[in-house]
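Notes follow the structure.
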Amino acid sequence: MMNAQLTAIETAARVRSGDMTAVEALAQSQAAVTARDADVRAFLHLTDDRAAEQADRVDAQVAQGQDPGPLAGVPIAIKDNMCTRGAPTTCSSKMLEGWKPPYDATVVSRLEAAGALVVGKTNLDEFAMGSSTENSAFGPTRNPHDLTRVPGGSSGGSAAAVAAGFVPLSLGSDTGGSIRQPAALCGVVGFKPTYGAVSRYGLIAFASSLDQIGPFASTVADAALCFDTIGGHDPRDATSIPSAIPSAAAALGNGVAGKRIGIIDELMGEGIDDDVRARVEQAAAALADAGATVERVSVPATIYGLAAYYLIAPAEASSNLARYDGVRYGQRVDGVNVEEMNAATRTAGFGDEVKRRIMLGTYALSSGYYDAYYGKAQRVRTLIANEFAQAYSSFDLLMSPTSPSTAFELGAKSDPMSLYMCDVCTIPSNLVGHPALSVPFGVGDDGLPVGVQLLAPLLGDDELFAAGQVLEDANPTDATASGSEIRGEVRP
Amino acid sequence: MSELPDGWEMVIGLEVHVELATQTKLFCPCANAFGDEPNTNICPTCLGLPGSLPVPNAQAIDYAMTLGHALGCTVAGSVFARKNYFYPDMPKDYQTTQYEHPTNENGSITLGDGTVIGVERAHIEEDTGKSTHLGGGGRIHDATATLVDYNRAGVPLVEVVSRPEMRSADQARAYVSELRDILLATGVSDARMEEGSMRVDANVSVRPVGSDELRTRCELKNINSMRSLGRAINYEARRHVDLYESGQSPNQQTRHWDEDGGRSTPGRSKEDADDYRYFACPDLPPLVPTDEEMQAIRAGLPVLPAARRQALADATGIEAGQAVLAVERGLDALAIAAVRAGAPGDVVIKHVDQNLSDGAGQLDGPMLAKLVGLEVSGALSATQVKTVLGELVASGGDPADVAASMGFEAMDSSELATLLDQLIADNPDEWQRFTEGDTKVQGFFVGQIMKATQGKADGKIVNQLMKERSSG
Amino acid sequence: MSERITRDEVAHVGQLARLVITDDELTMFTEQLGAVLDTASDLAALDLSGVEPMAQPCALTNVTRPDVIEPSLGRDEVLAMAPAAQDGRFRVPPALGEA
Ligand SMILES: [Zn+2]
């Protein structure tokens, strides 16, 4: 069933040429959702009317000989922490249940301007805080490859929507690995761009200095097209990079011949499952076969990333989430005065993980502790950046596992710390703002997908796509095709 | 103004919030307008909607740096920080302000009397919305509900923080008045206290005269006029002295000035010192002013009130402290022109201060000089001068002609020359002495001419004529 | 159990963050926050003297916009999102104290 799913590039080509209408593309996506999302639960809300209007508009443009855009008729799912005008945007929180933003996120506007059809909003860990999509006020999303397993998180709904074949493309946000880790666990391509390459305007902030929007796709080329569409300067985001972002699509097919690629030592040791490590080594061999020089490299400070992240992200979150006070929008639980109303609203509206991080961040910023925690963590960022700079003086790209393990069972990681460990490989890129791409590469001992992470320095985004395509071509398992038809695992 | 009992002095520091005269808000393109219908200048950013982001207004930053230069501050790179606390009129429940790295630091304001008051910092921040408390007869504590209008939320402010260097309510008022003049001169703000575009909080404490300690201070809020400022400070300082003299001491707290009741009432206590958890705002890159920007701002600065007072003092020979009113009225240039045209400075300043409260109208410097000449020479009486001055302000003209048209005869110089020549001929010995340098006989000639003209002659012109004849 | 953070501190932090924390939650959060702060103590050993803090990964400066007005959102649309509104304003229970 899923094998019939067209890629975004194929869909757009057919719609643009008139071989298929956008309305038909939308209908196929909707049929897939109807057939299987009751099990997967990737979507929180479907935006049928909006998608239908957009499909009609695209078809009319084609009929009139106008250019409907590079993503003409491509169904796309949006993580529910990005604003969609007039459509629910909840962050999977009771706090925002029923809220409909009066504006669109820049990425949503750009996708629609390129002809894409926004079919719905996907599930996530509440306010993007989590690595399993179990922390959603509206229930967990399940891994399409094995419904007893988590899809990863926090962008689990968007990862699952692509893995299940509901849509060829979706958007996630990545603060500490929230695109790459679920991409790995769901066997799809997931990309976290250079910080500032994609506008955050309309992305509901978790940790502003770490958050970045990026695509999920079933192919590296589709991810490149999506990134090229949503990326580029936005005057509404003061942290948006003003210079042109190199085209990812243009770098496709460049290969890795002559490239120097380093495997990060610290992310290949303790805490990484053996089967995952084996896939990374196999991927390294594939890159070497394609003409790259692959060596091990030490980036010692990466081991401090997790500790720094779990101070910085909660600190920023504690401030970003203060606005959910019951005054202007969203839920309110009344009180005799405004202070009590605020507290009652926040207590009822936020789940435990959100409360935990708000408290941790409040503490990390409070007087007397700032220097010991937040101040120190901000210096660790610089330390990690310095060490990456050192590594990039000898290497063009770095690589590591995306996630220490394959998808785990729902409820398996009830202790917060063990869940936090899921992000150990992905966090360093967020701390320093570098781009990173997760590409499916084989399966683990459990037959579930493994992701290999490729890392590049600031604005090296395009290079990642060239290398990612090499891995895609060498992938021993076509894990992206479906949740039910994973081909036999390949041992090194 | 009530004074403190002997042995006590006030220690006053002021925090003045100034709304900048920009078209739009600090971080969003909503109109920065006063008096519009509630919640009609709002957008995702200034409402703190989820997903919204701030982008700084270039003009606001330019104004802030302009003010910094005008206050003689070190104007440097700055970082926006978040000050975290909950309040319903603050849409994000944090205020974006500057903390560790403000745009402006270490400046000063020179008061009219020459006293220099230090300015610790002048940083950029965003304003809050406006709360209206319903019920309770307008008393906050008995309100039944609060209504919030976010039109003002996000309006750009500069907070000018003085050092605690003022010692009287009058000095505090002079400081605010001087700051207002600087704001108006630079165009940075319209500085209207009554509209809230300039809001003053006063930190007041007292101490024994001669001590340099800083005792517990109270922060007075809700001061809406210059009159309130003086009354509030005097009341609060007196309250502190009374407490100390009865063996108690004040608590550090924010207090509300109640203008009708003429007293301050306790607001939020600062005992549970708020923990604002400041940190650099990750949505806003640092500001690093370029040399070109700084040069352009400096080049665009007008001459500021203190410098104008000094220039007027230098030109007229008066004390800078006597130049306050002339500069405030914008008549310093006129006064200087009058002095350059030969009028004595003290007389010019007397007219500017006493007779030109509504401005100079059609009057210019040379006219004023000529009129003053008629006055000094005794050609016109003080009352006549005032009447002529009024006419010159209204319609301009030649002071002598105007005086003549009003029937106040003044002599013209050819008539005077004839008279003088006759006098010289009649008194050759006296003239000889004058030409040899005996200035005492000068009075004889002037007196004779005044007598002959019944005081209508311009003494200055007579002097001039005598000088010409003795040297020629 | 970790001594990194006390129950009282967790309670205080809850107040600062406007969260009502029950006794049971206090026990749970004290333990969990302590565990995270234990990990954070790894950083204590690092010599970071001379290392500047990084607040943002992008090295941008002086990002501004021109001072040009754009239209406001419609008041009706905005107030329709509000839990309570009155007289064109957002209505909340009485706000005591000063900002
Ligand atoms: Zn606005």
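Proteins get letters first, then strands, A, B, ... in listed order; numbering begins at 1 in each.
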So C:S72 and B:I42, do their side chains get closer than 4.5 Å, heavy atoms only? yes
If we only count heavy atoms from C-beta on, is the C:T61 to B:L287 side-chain gap below 4.5 Å? no
What I'd like to find out is whether the side chain of B:Y276 reaches to under 4.5 Å of the side chain of C:L16, using heavy atoms alone. no
Sub-4.5 Å side-chain heavy-atom contact between C:R75 and B:E37: yes
Under 3.5 Å donor-acceptor, C:R65 side chain and B:V55 backbone: yes
If I take atom CD1 from residue C:I69 and atom CG from residue B:N41, how far apart are they, to the nearest 0.5 angstrom? 8.0 Å
Within the 3.5 Å criterion, strictly below it, is a donor on B:T24 or C:D67 matched to an acceptor on the partner's side chain? yes
So what's closer than 4.5 Å to chain C heavy atoms on B:P286: side chain, backbone, both or neither? both
Closest approach of B:T144 and C:P94, non-hydrogen atoms and distance? O-CD, 3.3 Å
Do the side chain of C:Q56 and the main chain of B:L284 share a donor and acceptor less than 3.5 angstrom apart? yes
Residue B:N32 versus chain C: region with a heavy atom under 4.5 Å: neither
Is B:L147 close to C:R91 at the side-chain level, that is, under 4.5 Å between some pair of heavy atoms? yes
Using non-hydrogen atoms and a 4.5 Å limit, figure out which bit of C:A17 sits close to chain B: side chain, backbone, both or neither. backbone
Result for side-chain contact (heavy atoms from CB on, under 4.5 Å) between C:F90 and one of B:L47, B:D89, B:T146 points to B:L47
For B:C46, is it the side chain, the backbone, both or neither that has a heavy atom under 4.5 Å from a heavy atom of chain C? neither
Engaged part of B:T22 at the chain C interface, taking heavy atoms whose separation is under 4.5 Å: both
Can you check whether B:N57 reaches C:T64 side chain to side chain, under 4.5 Å on heavy atoms? no
Is there side-chain contact between B:D93 and C:R18, with heavy atoms separated by less than 4.5 Å? no
If you look at every heavy atom in B:A280 and C:A55, which pair is closest and at what distance? CB-CB, 4.1 Å
For atom OH of B:Y278, decide whether the heavy atoms of other residues, nucleotides or ligands shown that lie under 6.0 angstrom number more than 12. yes
Which atoms of C:V68 come close to chain B, meaning under 4.5 Å heavy atom to heavy atom: side chain ones, backbone ones, both, or neither? backbone
pair B:P44-C:L73: side-chain heavy atoms closer than 4.5 Å: yes
Minimum-distance pair of heavy atoms, taken over all atoms of B:P289 and C:N62: N-OD1, 4.4 Å
Should we count CZ of B:R217 as having more than 12 external heavy atoms under 6.0 Å? no
Interface moiety of B:F279 toward chain C, non-hydrogen atoms closer than 4.5 Å: neither
Where does C:Q86 contact chain B at under 4.5 Å (heavy atoms): side chain, backbone, both or neither? both
Chain C: which of B:R277, B:M90, B:Q59 shares the most heavy-atom pairs with it under 4.5 Å? B:R277
